[in-house]
Amino acid sequence: MVDSTTAMPWHQGTWQALVTQSHFAHAYLFTGPSGAGKRAFATAFAAWLMCDQPAGGQACQQCRSCLLRQAGSHPDLLSIAPEEQGKAIRVDAIRQLVDFIAQTAQQGGRKVVLLHPAEAMNQNAANALLKSLEEPTADTYLLLISDQPSRLLPTIRSRCRVQPLGAPDQQQALAWLAGELPDCSAEQQRLLLQMAGGAPLRAVALQQMDALALRDKVVEGVKALLKGQISGPRLCEQWNAVPVELLLDWFADWTLDLLKLQQQAQDAASNADMDKVLGYMAQRVQPLALLHWQEWLLAHRRQFDNKANLNRQLFLEKLLAEWKTLAERR
Ligand SMILES: [Zn+2]
C-alpha cells in the first residue's frame, strides 16, 4: 500500500521544492482532486517537519520522533477528521486543536496538526480555526487538506499557503497502478483509472470495493434493460450492492460520452465496455433530451454530494426509467 511518509512519485518535484525552502509557512492548504495523493503528501510533510534528523529530504524513520509517530503516539502530532466519514468536523474538535496549539511541545520539537478534509468543518468550527490562523504560534504547523477548497471560508484560504497537488498524467498513473495492482490486467487497470477520473489512489480504492465486478454487473443490467429483458425495479434490486455514488459516476460518464459522440468530438465511447450501447444511443437520442437528462443527473448528484437524503430505491427506479425513455425517444 501507499507509504504514508513518502509523497507520491508524481509529486516529487513539488516535494523537493517544498522541503528545500528556508522558511515555512505556519499554515498550508493542500488542494487537488480526491485520490491524487494529497493526504500522503501532507502526512509525509508532517513526518518530515517532526523528524529530528531528516536525511535526503525525507523523515529518517529511526529517530525518537519518527518512532513515536509510527506508533501513532506522538504527543505533538494531532490529526483531526470527522468522527464519521461524510460528517462534519465540529467545533469541539477545533477547540481541541486550539488547546493543542497553546501547549508547549512535549518532545521539544515542532508541533503539527493535520486537518482532513478541511471543507468538512462546520461554520462554528471554521470560525474557531480562524483565530488560530490569525495568531500563529512558533514551531507549530497547520496542514489543511481539501478536495473542495471553494467550500472553505475565503478568510481561511487566504491565511494558508495554498499548495495545489494534481493527479499525474495517464502514463504515470498507469505505471504506478501496475505496481500497486499486480493482480489486475493492464486493461483492468486502465478501466479502474478511468472510473477514478484519473486519480490513481481512487483507482486502488475502487479495486478494493470490487468495482470491476460491480461494473460488469451494471453494464450487463443496462444492456438487458434497453433490450426489454428486465424491468427497472427488478434491476434496482439486483444492484443492491452497488453504491449509488458509483452509479451516479458511471451514468454521468456515459452521458459525457453520448454528448461527445453526438457532437462528433470523438469516434468511439471512452467507456469501452459501453461502446456499442452508447454508439447506438448517440444516433437516436434527441440532443435536447440528452441535455435535460444530463441536468437531471447532475442535480441529483449534487444532492447526493450534499448528503441529501435520497431514497435509494425510488431514485434508482426513476433514473432507470429516464435512461430508458432517453434511449427509446426519437
Ligand atoms: Zn526521524
Side-chain angles (χ1 to χ4, degrees), residues 1-32 34-81 89 93-94 96-118 129 132-133 135-146 159-168 172 175-176 179-180 200-201 204-205:
M1 250 337 281
V2 178
D3 174 359
S4 65
T5 51
T6 312
M8 305 307 291
W10 50 91
H11 291 150
Q12 284 305 324
T14 309
W15 174 265
Q16 284 306 326
L18 180 63
V19 299
T20 49
Q21 280 169 6
S22 55
H23 174 76
F24 298 106
H26 72 278
Y28 287 85
L29 172 60
F30 298 106
T31 63
S34 169
K38 295 187 301 297
R39 192 153 28 158
F41 192 98
T43 309
F45 188 46
W48 183 86
L49 282 170
M50 301 184 84
C51 174
D52 296 334
Q53 49 193 30
Q58 305 291 338
C60 75
Q61 309 297 356
Q62 288 162 5
C63 70
R64 186 179 159 75
S65 179
C66 280
L67 295 178
L68 277 170
R69 183 182 44 71
Q70 286 162 13
S73 53
H74 201 306
D76 299 324
L77 176 64
L78 177 67
S79 271
I80 292 184
I89 292 177
I94 303 301
Q96 193 192 348
L97 177 154
V98 171
D99 290 346
F100 173 85
I101 289 178
Q103 292 163 12
T104 314
Q106 295 190 31
Q107 293 292 317
R110 291 163 167 163
K111 285 184 295 177
V112 177
V113 179
L114 282 165
L115 200 156
H116 173 78
L129 178 71
S132 298
L133 289 173
E135 296 157 19
T137 314
D139 285 332
T140 302
Y141 299 86
L142 297 181
L143 311 183
L144 278 58
I145 305 166
S146 177
R159 282 172 176 79
C160 297
R161 188 178 295 173
V162 178
Q163 175 62 65
L165 295 168
Q172 276 178 309
W176 182 79
E180 289 297 310
L201 282 85
V204 172

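Every heavy atom of this structure was used, including side-chain atoms; hydrogens, water molecules and symmetry mates were not. Counting starts at 1 for both ligands and their atoms, in listed order. Small disclaimer: the values here were computed from a predicted structure and weren't measured. In what follows, residues are counted from 1 in the order of the sequence shown.
Side-chain contact check for Leu18 versus Phe45: some heavy-atom pair is nearer than 4.5 Å. Using a 4.5 Å cut-off on side-chain heavy atoms (C-beta onward), Thr140 and Arg110 make no contact.
Evaluation of the salt bridge (Lys or Arg N to Asp or Glu O under 4.0 Å) rule for Lys38 yields Asp147 as partners, not counting sequence neighbours.
Shortest non-hydrogen contact noted between Pro117 and Ile89 is O-CD1, 3.6 Å.
Of the possible polar contacts, none joining the Ser79 side chain to the Leu114 backbone as a donor-acceptor pair under 3.5 Å is found.
Taking the six-membered ring for Trp and the full ring otherwise, Trp48 and Phe41 have centroids separated by 6.0 Å or more.
Around the Zn ion (ligand 1), the protein atoms of type N, O or S found under 2.8 Å away are Cys51 SG, Cys60 SG, Cys63 SG, Cys66 SG, listed by chain and number.
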